[in-house]
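Heavy atoms only: backbone and side chains are in, while hydrogens, waters and symmetry mates are out. A note on names: the letters A, B, ... follow the listed sequences, proteins ahead of strands, and every chain is numbered from 1.
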Protein chains: 2
Amino acid sequence: MITLRQLRFLTALAEELNFSRAAEVCFVTQPTLSAGLKELEQMLGVQLAERSKRSVLLTPIGEEIATRARAVLLAAHEIEDLAAAHKAPEEGDLRLGAIPTIGPFLIPKALPHIRAAFPKLRLFLREEKTDSLLEGLASGRLDVVLMARPFEIGTAEFTPLFDDGYHLATPPGWGRAGGAPVDGGALEGARLLLLEQGHCLQRHALRAFPDRDIQQDESFSATSLPTLISMVSEGLGITLLPDLAIDAGVLSGQQVDIAPLTGACPRHVILAWRSTSARKPVFQALADILRQTRTGLLPAAPG
Amino acid sequence: MITLRQLRFLTALAEELNFSRAAEVCFVTQPTLSAGLKELEQMLGVQLAERSKRSVLLTPIGEEIATRARAVLLAAHEIEDLAAAHKAPEEGDLRLGAIPTIGPFLIPKALPHIRAAFPKLRLFLREEKTDSLLEGLASGRLDVVLMARPFEIGTAEFTPLFDDGYHLATPPGWGRAGGAPVDGGALEGARLLLLEQGHCLQRHALRAFPDRDIQQDESFSATSLPTLISMVSEGLGITLLPDLAIDAGVLSGQQVDIAPLTGACPRHVILAWRSTSARKPVFQALADILRQTRTGLLPAAPG
DNA sequence: TTTCTTTTATAGAGATTATCTATATAATAG
DNA sequence: CTATTATATAGATAATCTCTATAAAAGAAA
């Protein structure tokens, strides 16, 4: 029978490609890891790593087994999590990931309520793009993620939080925008500035009007909403801003005009987790808090 | 860190609900299993089993953890399988399950070819109904199963083998059946005998003509095709027989008339396996052999 | 080439852990 | 009340694991 420890040794070696460093990661000495791995190779009857005295490389079968080993270790860890969550569902560490176009505008307002609801919970926050969040969720690096659909989320489970529409942001005095609602026609042919590739907001904005031909001006791409707004205030073009960001005050002090954008397909903001997670009740409670936090912000319509 | 052995102890106890017998299953003594389980409970910090001196019962969290433990152990075992399959993909034990309305008519003819293709393979055969096959596949009790769709197969992977149509079987001299093809109209209002509930053939036959109202005569249900054919030959009613069974000679010596049944939705015979299995190439080769075996039997049309 | 550095493998000692047998303890059936 | 069945505990033994120290090999540098 192979052991979880041996599998842990293998995954550590797969990541470090160095026996000594892998041993450190596992909090054992290098001979211990060497012996454990040798034992695993003997038990399985296959060579997992090619060792030259100078470098280590996993064999193809070693890579495959390392991949499966990671899954086994994650599942075993989830058993421990399940037990811990059963003892005290509202304690312990919770690693929450969020996309940059939602997290900073929702989480800070929600934090006091989360603290109040789960005083013993230690919340770790990370901002990453959607692809990275989902990878982190699947690998066990994150416990729960805040993101926006439409997006392929694989085997994760989720609950919808709220829909998030757009405002049109234009340079001061640009065209007709003076607070009155505008429709998608305002975007056609305009110099539309968006976030760089990889931000789901960029994809979502381009598809907000499926029937219109909307093109991004790719001569400049911003890496954050504040930067994007600055570019608009400089007169470089117009952009779409999520209602959530506006309500959270992302415009404060920036010289741009905004107008509600009617008829756009909104982003569906969701909270997602591994379907095997033991803490669904906490996630549902967290979702309730986030929904109420959104409602508590300024209403989207007036702008 | 919990160990695989502890998880094994838990699953054994979950099945036996008895420390001594669980210990036997794990090839250790009862004190060893007691100690191991106690250790697991301490590590997880939750009570897994309620022990009275007279009976053992898993706690709810114990049941949940036992379920996950089975998954972890299966995944760990698959790592060992993967290594063994890598060493010698065409050796070792292969546990093949098949439904009773297909297996006996296909496997015997295929066996010589399988032996020839994989001389070192030890093939274990089981006949079970579809539900049981899929459960066995998911739990690791079976490696590969031979069954018929439409059927919900969950997360299993599969490859289609061939389609299997029907003949109408009637008592000698009954009505017009004299070998000439008949259509679904022959079934309406007739005393239709089928296998008992749980056999997918029963469900499939009732749905062979979605547009017709076909009712099973439930006063007698057969438990096997030969029994069913005997009932028809006794004049108790008519039935549908899979072409495969007829071509394999299930009628030999029985006094019934048969006629090809046109327009019926055929059963889609498939070979299915766990998507995580390490032996897909062997399964694909097995599928090829089964397809060729079917082709080698008498053609279905003449009857 | 020689030496130094880096890296993995091996040896042997010591300590921890696991497993067994034997037995205690408890509960139920007869 | 006794016999039976089932789980927990104790203590001895055996197995295993992990450590330190060191060897061996392969590049890199002098």
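Taking a cutoff of 4.0 Å between a charged side-chain nitrogen and a carboxylate oxygen, Glu15(B) and Arg21(B) do not qualify as a salt bridge. Using a cut-off of 4.0 Å between Lys/Arg side-chain N and Asp/Glu carboxylate O, Glu91(B) and Arg279(B) are scored as not salt-bridged.
One can place CG of Leu13(B) at 11 Å from C1' of dT7(D), the figure rounded to the nearest angstrom. Taking atom CD on Glu24(B) and atom P on dC20(C), their separation rounds to 12 Å, with Å as the unit. Taking atom CZ of residue Phe27(B) and atom P of nucleotide dC20(C), one finds them 12 Å apart after rounding to whole Å. Rounded to whole angstrom, the span from the CG atom of Leu33(A) across to the P atom of dT8(C) amounts to 9 Å. In this structure, CE of Met1(B) is placed 17 Å from C1' of dT18(D), rounded to the nearest angstrom. Counting to the nearest Å, the C1' atom of dT7(D) and the CG atom of Leu58(B) are 15 Å from each other.
Close to dT8(C), at under 4.0 Å from its OP1 or OP2, lies a side-chain N or O of Asn18(A). In this structure, Ser34(B) does not reach the dT9(D) phosphate: none of its side-chain N or O atoms is under 4.0 Å from OP1 or OP2. Between Lys38(A) and dT8(C), a side-chain N or O to OP1/OP2 separation shorter than 4.0 Å is absent.
No donor-acceptor contact under 3.5 Å links the side chain of Gln30(B) to the base of dA6(D).
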Taking N or O atoms only and anything under 3.5 Å, show me the protein contacts with nucleotides 16-19 of chain C, one pair per line.
{"unit_1": "dA18(C)", "atom_1": "OP2", "unit_2": "Glu39(B)", "atom_2": "OE2", "d": "3.4"}
{"unit_1": "dT19(C)", "atom_1": "OP1", "unit_2": "Arg5(B)", "atom_2": "NH1", "d": "2.4"}
{"unit_1": "dT19(C)", "atom_1": "OP1", "unit_2": "Arg5(B)", "atom_2": "NH2", "d": "3.2"}

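Residue pairs satisfying the side-chain hydrogen bond (donor to acceptor under 3.5 Å, both in side chains) criterion with at least one member in residues 66-75 of chain B, sequence neighbours excluded, are listed as follows: Glu64(B)-Arg68(B).
Under a cut-off of 6.0 angstrom, the local environment of NE2 in His199(A) is crowded, with over 12 non-hydrogen atoms contributed by other residues, nucleotides or ligands.
Residues Ala76(B) and Ile2(A) come closest through the heavy atom pair O-CD1, 3.8 Å. Scanning both residues, Arg274(B) and Asp143(B), for their nearest heavy atoms gives NH2-OD1, 3.7 Å.
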